[in-house]
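Working notes, beginning with the structure itself.
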Protein chains: 2
Amino acid sequence: MTPKPVTSLGYALLGLIRQQPRTGYALRKVFETTPMGSYSSSPGSIYPALAGLERLGLIEARDDGDDRKARGKGLFHLTPAGSAAFGAWLAGPVDGKDLTTAMLRFSFLRAGSDRALIDAFLDSFEAAATQQAGGLRQFLAGEIGRAMPLQSRLAVEYGCRQFEAGAQWAVWAKTVLRGD
Amino acid sequence: MTPKPVTSLGYALLGLIRQQPRTGYALRKVFETTPMGSYSSSPGSIYPALAGLERLGLIEARDDGDDRKARGKGLFHLTPAGSAAFGAWLAGPVDGKDLTTAMLRFSFLRAGSDRALIDAFLDSFEAAATQQAGGLRQFLAGEIGRAMPLQSRLAVEYGCRQFEAGAQWAVWAKTVLRGD
DNA sequence: CCAACCATGTAAGCTGTTACATGATTGA
DNA sequence: TCAATCATGTAACAGCTTACATGGTTGG
């Protein structure tokens, strides 16, 4: 029952594999050709990560398919355990300190089947972002904040605005998903 | 002439020490009590980092002061080499892929003496953020982007908005600094 | 036939995290 | 005197980055 031996790169891989079974190389390509690249750079990290997930029994490689497209080890599939672990991760709470990871999760929710999770996510994302922004504004108004050099205060203001933009995004995303 | 053996935590430490000489403990406190905490968590990283900076000759501990406030090793000061290295870092270009580090740098510029650097920074920060946002919008409009699941597209939109908020912050910061 | 791309990895090194360990001093 | 805070570290471990190494296949 050890809860989290899986890193965010691991979850990214699980999510992509859940979307459709892929080879290690195809996974690398996704990171190279999409903004998801910010979650990893190439080979040296993803192959070891895949090996780790396989060792944990969350994915397995199958020489899947009648045609010989599978040159290497074949396509990775989620095992039932992998599916369960990924599902649990998807349903977890939004951590205010790590909105980037939260967004990764969001990108793997499916408009069709996960509607309830999506609504819950957006609500708690908005709340978390608003709260973080509030914390920073409070800091700025407090003793330490007022004593900081101007540049530092401006930098903190940047953080506030980032969080506020995040909260606004959540509101916007809700309207988009409603009028779909 | 090995260019960059200093990490962003290292630069954060150099910057804080430049603001005023401090003990290792005082530096830890800054990370614990300000939003700068996002650049590190405690002891296990900052003491080794300080040791590294000392080994590189960028800082040195002095039993500075007539009164015995210095219980431990004393206060860390920048050496001339440290001052030069930090100054060079401050004057470097804004890397679009790492706006967080850029913001750390910004927070250490001084409204009094670094006016030229500040103006240059804000201009190039705005440009970088705008460009990153544009890249993401272009991606969304392209083949791969249009083929992605809705959730993923919304997540990318989040990224756009973050960058756009960054660009807007830069514009705002310029007006603040002008009317000072 | 040669370049590009498919496909998979290994190895060294650095950084950071967590958790533990220690001891002096100050204030209630 | 007892807890909190000042003050400094170490050790084990995990993860990522960079760079290198290896081969098969396909298209011009």
Side-chain angles (χ1 to χ4, degrees), chain A residues 2-13 17 21-33 36-56 59 61-65 67-76 95 97-98 100-101 104, chain B residues 2-13 16-17 21-33 36-56 59-65 67-76 95 97-98 100-101 104:
Chain A
T2 38
K4 281 180 151 194
V6 182
T7 115
S8 67
L9 171 57
Y11 285 116
L13 292 170
I17 291 168
R22 302 177 206 242
T23 65
Y25 184 76
L27 290 163
R28 271 180 55 196
K29 281 286 138 174
V30 174
F31 288 108
E32 271 170 23
T33 60
M36 203 174 286
S38 32
Y39 290 100
S40 166
S41 72
S42 336
S45 41
I46 98 129
Y47 285 113
L50 284 170
L53 294 173
E54 206 171 13
R55 189 168 31 77
L56 290 173
I59 60 175
R62 281 207 300 267
D63 247 14
D64 185 77
D67 45 12
R68 80 253 35 168
K69 275 298 164 63
R71 284 281 154 267
K73 318 177 53 177
L75 303 177
F76 286 106
D95 174 9
K97 285 89 160 275
D98 196 356
T100 304
T101 299
L104 177 65
Chain B
T2 39
K4 280 179 152 198
V6 182
T7 122
S8 68
L9 171 57
Y11 285 116
L13 292 170
L16 290 171
I17 291 167
R22 302 176 207 244
T23 66
Y25 184 77
L27 290 164
R28 273 180 55 196
K29 282 284 138 176
V30 172
F31 289 108
E32 271 169 25
T33 59
M36 202 173 285
S38 32
Y39 291 100
S40 166
S41 73
S42 333
S45 41
I46 98 133
Y47 285 112
L50 284 170
L53 293 173
E54 206 171 12
R55 189 168 29 79
L56 290 172
I59 59 175
E60 59 186 7
R62 282 208 300 266
D63 247 15
D64 186 76
D67 45 12
R68 79 250 35 149
K69 274 299 161 61
R71 284 282 154 268
K73 315 177 54 173
L75 303 177
F76 286 106
D95 173 9
K97 286 89 159 276
D98 197 356
T100 304
T101 299
L104 177 65

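All heavy atoms count here, side chains included; hydrogens, waters and symmetry mates do not. In what follows, chains are A, B, ... by sequence order, proteins preceding strands, each numbered from 1.
What you find for A:S45 and A:S40 is that their closest heavy atoms are OG-OG, 3.1 Å. Considering all non-hydrogen atoms of both residues, B:R22 and B:L16 come closest at NE-O, 3.2 Å.
Side-chain contact between B:Y39 and B:L13: absent, with no pair of heavy atoms (C-beta onward) separated by less than 4.5 Å.
With rounding to whole Å, B:K97 atom NZ is found 19 Å from D:dC16 atom P. Taking atom CG of A:L13 as the reference point, atom P of D:dC16 lies 10 Å away to the nearest angstrom. The CZ-P distance, from B:R22 to D:dC6, rounds to 14 Å in whole Å. The CZ-P distance, from A:R28 to D:dT18, rounds to 14 Å in whole Å. Nucleotide C:dT22 holds its P atom 21 Å from the NZ atom of B:K73, rounded to whole Å. Going from atom CG of B:L53 over to atom P of C:dC14 covers 15 Å, rounded to whole Å. Atom pair B:F31:CZ and D:dA7:P shows a separation of 17 Å (rounding to whole Å applied). When rounded to the nearest whole Å, the span between CG of A:L27 and C1' of C:dG9 equals 15 Å.
Proximity of A:K29 to the phosphate of C:dA7: no side-chain N or O atom is located under 4.0 Å from OP1 or OP2. Between A:Y25 and C:dC6, a side-chain N or O to OP1/OP2 separation shorter than 4.0 Å is present.
The side chain to side chain contact (heavy atoms under 4.5 Å, CB included) search around A:S42 returns A:R28, A:E32, not counting sequence neighbours. Here B:D98 pairs with B:T101 under the side-chain hydrogen bond (donor to acceptor under 3.5 Å, both in side chains) rule; sequence neighbours left out. Among residues two or more places apart in sequence or in another chain, the side chain to side chain contact (heavy atoms under 4.5 Å, CB included) test is passed with A:A51 by none.
Between the CG atom in A:L50 and the CD1 atom in A:I59 there is a gap of 5.0 Å [rounded to 0.5 Å]. With rounding to the nearest 0.5 Å, the separation of CG in A:L53 from CZ in A:F76 is 9.0 Å.
One axis for each end of the helix from C:dC1-D:dG28 to C:dA28-D:dT1, each built from five base pairs, and the angle between them comes to 20° at 10° resolution.
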Grab the N/O contacts between the protein and nucleotides 16-21 of chain C below 3.5 Å, and write none if there aren't any.
residue : atom : partner : partner atom : Å
C:dG16  : OP1  : B:T7    : OG1          : 3.1
C:dT17  : OP2  : B:S45   : OG           : 3.2

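Residue pairs satisfying the salt bridge (charged side-chain N to carboxylate O under 4.0 Å, His left out) criterion with at least one member in residues 38-53 of chain A, sequence neighbours excluded, are absent.
Of all nucleotides listed (C:dT8, D:dT10, D:dT8), C:dT8 comes nearest to the side chain of A:Y47.
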